[in-house]
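Letters A, B, ... mirror the listed sequences (proteins, then strands); counts begin at 1.
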There are 2 protein chains.
Amino acid sequence: MVDEIMLFLLRNGAHMAPVSITTTDMGEALGMSQQNISRRLMLLEKKDMVLRRKGSVALTEKGISEIKELLAILQNSFDSKLRMTGVIADGLGEGRFYLSRPRYGKAIKEKFGFKPFPGTLNIRLDAEGVELRRRMLQLEPIIVDGFSENGRTFGDLFSYKAAVEDVECAVVVPTRTHHGKEIIEVVAPMNLRKTLRKKTGDKVAIRIW
Amino acid sequence: MVDEIMLFLLRNGAHMAPVSITTTDMGEALGMSQQNISRRLMLLEKKDMVLRRKGSVALTEKGISEIKELLAILQNSFDSKLRMTGVIADGLGEGRFYLSRPRYGKAIKEKFGFKPFPGTLNIRLDAEGVELRRRMLQLEPIIVDGFSENGRTFGDLFSYKAAVEDVECAVVVPTRTHHGKEIIEVVAPMNLRKTLRKKTGDKVAIRIW
DNA sequence: ATTACTAAAGATCGAGTAT
DNA sequence: TATACTCGATCTTTAGTAA
C-alpha cells in the first residue's frame with residue numbers, strides 16, 4: 001500500500017535521487033509529529049520501500065514499482081477500454097483440452113453468458129500489447145474457479161470481458177500458464193478463426209473492458 | 001486520502017455506475033472483516049466520498065476528484081525527466097566494435113527507431129550525475145537482447161531513451177560493463193561529437209525519459 | 001441474507017525525553 | 001541538531017451478535 005509518506009517522497013523526486021530532509025521537516029510538511037515520521041520511515045525501510053543513508057531518503061526499486069502499480073490501476077480505470085494488437089499464433093492444443101471440460105464450460109456460460117467453443121484463439125501480442133497485458137492483469141479479474149477431476153488439477157482462470165475485431169469474447173489467463181508474456185488466450189462462443197476468416201500470422205485487435 | 005476501499009470501488013467501475021456488492025464480498029476481496037468494510041463505508045459516506053443505495057455503492061464526484069488528484073500527482077512525478085551533466089570522455093573504442101555488429105544495429109533500429117552511428121559517445125558524469133545514473137538504472141530499461149557470434153558472446157544491453165543537448169539518442173549500459181560508474185555510453189543516429197561540435201572535456205547535459 | 005452495533009484486542013499516534 | 005525510544009491516549013480492527 002502506497003502511503004502519504006511515500007507519496008511525499010515521490011513528489012520530492014526520491015525516485016530519481018536521494019532527498020535530503022529531516023524527520024522534523026517532513027513532519028511539518030505532512031502535519032505529523034517528528035516521532036511519527038521517524039517511526040514510519042523505519043517501518044518503510046524494514047519493508048524495503050525506502051532506503052535511508054546519512055540524512056537522506058530515497059525510494060527503492062520495490063517502492064517505485066508499488067507506486068507504478070498504483071499508477072497503472074488508476075490509468076486503467078479512467079481509460080476504461082484497453083486495446084491491444086497482435087497476430088494470431090498457433091495454439092498449443094491446451095486450450096481445447098481445458099475448455100472442453102464441462103465444468104469450465106459451465107462456469108464461463110455463467111460468468112460471460114456464452115457456451116465456449118472448445119478451443120482457444122492464441123494471440124501473440126506486439127511490444128505495446130505486452131505492456132497493456134500487464135495493465136490488464138491489474139484490472140479486477142472475473143475468476144473462473146478451478147477444480148480437480150480424475151486426479152488432474154485444473155487451476156483457477158483469471159478472465160476478462162473482451163472483443164476480438166468486435167466479436168464478443170473473453171480473455172482467459174490460467175493462474176499457472178505455460179505461455180510466455182506475449183501470448184494471450186481468447187475464448188469465444190464460436191471458432192474465431194473461421195468467423196473472422198483469419199489465419200496464423202494475421203493481425204487482430206483485442207479490446208478489454 | 002485515497003484508501004484501498006476507494007481503489008477497489010474504482011477498479012470495479014464505481015466511478016461510472018453503481019456497483020452491486022455486499023460488505024461480505026468486499027471484505028473477502030480485500031482481506032478484511034465484513035464489519036470493518038461496513039464501518040469504513042459508513043465513514044466514507046459521511047465524508048461524501050461514496051454514495052450507497054439499496055445494496056450498491058458508487059463513488060461520488062468528490063471521491064472521483066480525489067482519485068484524479070492522486071493520478072495527477074503520480075503522472076507528474078513520473079513525467080519529470082532525469083537530467084545529468086558530465087564531460088565528454090575519450091572512448092575505449094569498445095562501443096564502436098559493439099555497435100557495428102549488425103544485430104545490435106538492427107535491434108536498436110527496432111527499439112529506438114534509428115540506425116546507430118557505429119561508435120558511442122562516452123560521458124564522464126560529475127558526482128551528482130553518478131548518483132542520478134544509479135537512479136536511471138532503477139527505471140524500466142529497454143532491453144536489447146545479446147547474442148553469440150563467432151564464439152564471442154555479446155551480452156544484453158540495458159538502454160534508455162535519452163537526449164544529449166536535445167539531440168535524441170539512447171543511453172546503453174552493457175550488463176557486464178568495462179566502464180566505471182562515472183562513465184555512460186550514448187548511442188545516436190549520427191556522430192554526436194561532430195553534430196554538437198564538442199570535444200573531449202566539454203560539458204554536456206543528458207536527459208533521460 | 002445483509003448490515004451494523006458493542007466490546008475487547010491491536011495498531012498508531014503525539015509528548016516527553018534519551019542517545 | 002537530529003533521530004528514535006517509552007508510554008499513555010486515541011484510532012482501527014475483528015469477533016460476537018442484534019436488528
Side-chain angles (χ1 to χ4, degrees), chain A residues 1-15 17-60 62-63 66-67 70 73 107 110-111 140 142-143 145, chain B residues 1-15 17-60 62-63 66-67 70 73 127-128 131:
Chain A
M1 188 65 197
V2 177
D3 66 10
E4 60 256 70
I5 292 188
M6 289 178 66
L7 233 43
F8 174 86
L9 291 171
L10 180 77
R11 294 176 81 151
N12 284 274
H15 59 307
V19 172
S20 291
I21 190 166
T22 66
T23 52
T24 305
D25 289 345
M26 255 177 97
E28 191 138 333
L30 290 170
M32 288 181 201
S33 66
Q34 171 273 320
Q35 294 88 336
N36 198 30
I37 299 287
S38 169
R39 184 184 129 274
R40 288 181 60 169
L41 278 177
M42 283 188 286
L43 286 175
L44 285 172
E45 197 169 20
K46 189 143 67 184
K47 286 194 229 161
D48 196 29
M49 304 294 259
V50 306
L51 195 72
R52 306 175 72 188
R53 197 167 288 161
K54 47 183 164 58
S56 69
V57 197
L59 288 161
T60 61
K62 187 179 168 200
E66 288 237 353
I67 294 169
L70 172 62
I73 290 171
E110 228 170 79
K111 310 242 173 177
E140 191 67 31
I142 295 165
I143 296 175
D145 294 322
Chain B
M1 188 66 195
V2 177
D3 66 10
E4 60 258 68
I5 293 188
M6 289 177 67
L7 233 43
F8 175 87
L9 291 171
L10 180 76
R11 292 174 80 154
N12 284 276
H15 58 308
V19 171
S20 290
I21 189 165
T22 66
T23 52
T24 305
D25 289 346
M26 256 177 95
E28 191 139 332
L30 290 170
M32 287 181 201
S33 65
Q34 171 272 320
Q35 295 87 336
N36 198 29
I37 299 287
S38 168
R39 185 185 128 274
R40 286 180 61 169
L41 279 176
M42 284 189 284
L43 286 175
L44 285 172
E45 197 169 20
K46 189 144 63 180
K47 286 194 231 163
D48 195 28
M49 304 294 259
V50 306
L51 197 70
R52 304 176 72 188
R53 197 165 290 162
K54 47 181 163 59
S56 67
V57 197
L59 287 161
T60 61
K62 188 181 169 197
E66 287 237 354
I67 294 169
L70 172 62
I73 290 171
E128 194 187 299
E131 184 55 38

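Within 4.0 Å (heavy atoms only), R39(B) reaches at least one base atom of the nucleic acid.
For Q35(B), the listed nucleotide lying nearest its side chain is dA15(D); candidates were dT13(D), dT3(D), dA15(D). Of the candidate nucleotides dT13(D), dT14(D), dT2(C), dT2(C) has the atom lying nearest to any side-chain atom of T22(B). Among the nucleotides dT2(C), dG14(C), dA4(C), the one closest to any side-chain atom of Q34(B) is dA4(C). Checked against dC5(D), dT3(D), dC13(C), the side chain of S38(A) finds its nearest nucleotide in dT3(D).
In this structure, R52(A) reaches the dA4(D) phosphate: one of its side-chain N or O atoms is under 4.0 Å from OP1 or OP2. Using a 4.0 Å cut-off, no side-chain N or O of T23(B) falls inside it from OP1 or OP2 of dT2(C).
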* Audit row: V50(B), I5(B), side chain to side chain contact (heavy atoms under 4.5 Å, CB included) steps and yes/no -> CA-CA 10 Å; V50(B) 306; I5(B) 293 188; 6.0 Å; no
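Taking atom CG on N36(B) and atom C1' on dG16(D), their separation rounds to 15 Å, with Å as the unit. A straight line from CD of E28(A) to P of dT3(D) spans 14 Å, rounded to a whole angstrom. Put simply, CD on E4(A) is 12 Å from P on dT12(C), counting in whole angstrom units. Distance CZ (R40(A)) to P (dC5(D)): 17 Å, rounded to an integer number of Å. Atom CG in L43(B) sits about 12 Å away from atom C1' in dA4(C), given to the nearest Å. At whole-Å resolution of the value, CG in D25(B) and C1' in dA1(C) are 11 Å apart. M42(A) has its CE atom 13 Å from the P atom of dT12(C), to the nearest Å.
Within the 4.5 Å cutoff, the side chain of L41(A) has heavy atoms near those of the R52(A) side chain. You'll find the side chain of E4(B) reaches within 4.5 Å of the side chain of R40(B), heavy atoms only. Looking only at side-chain heavy atoms (C-beta outward), T60(B) and E45(B) stay at 4.5 Å or farther from each other.
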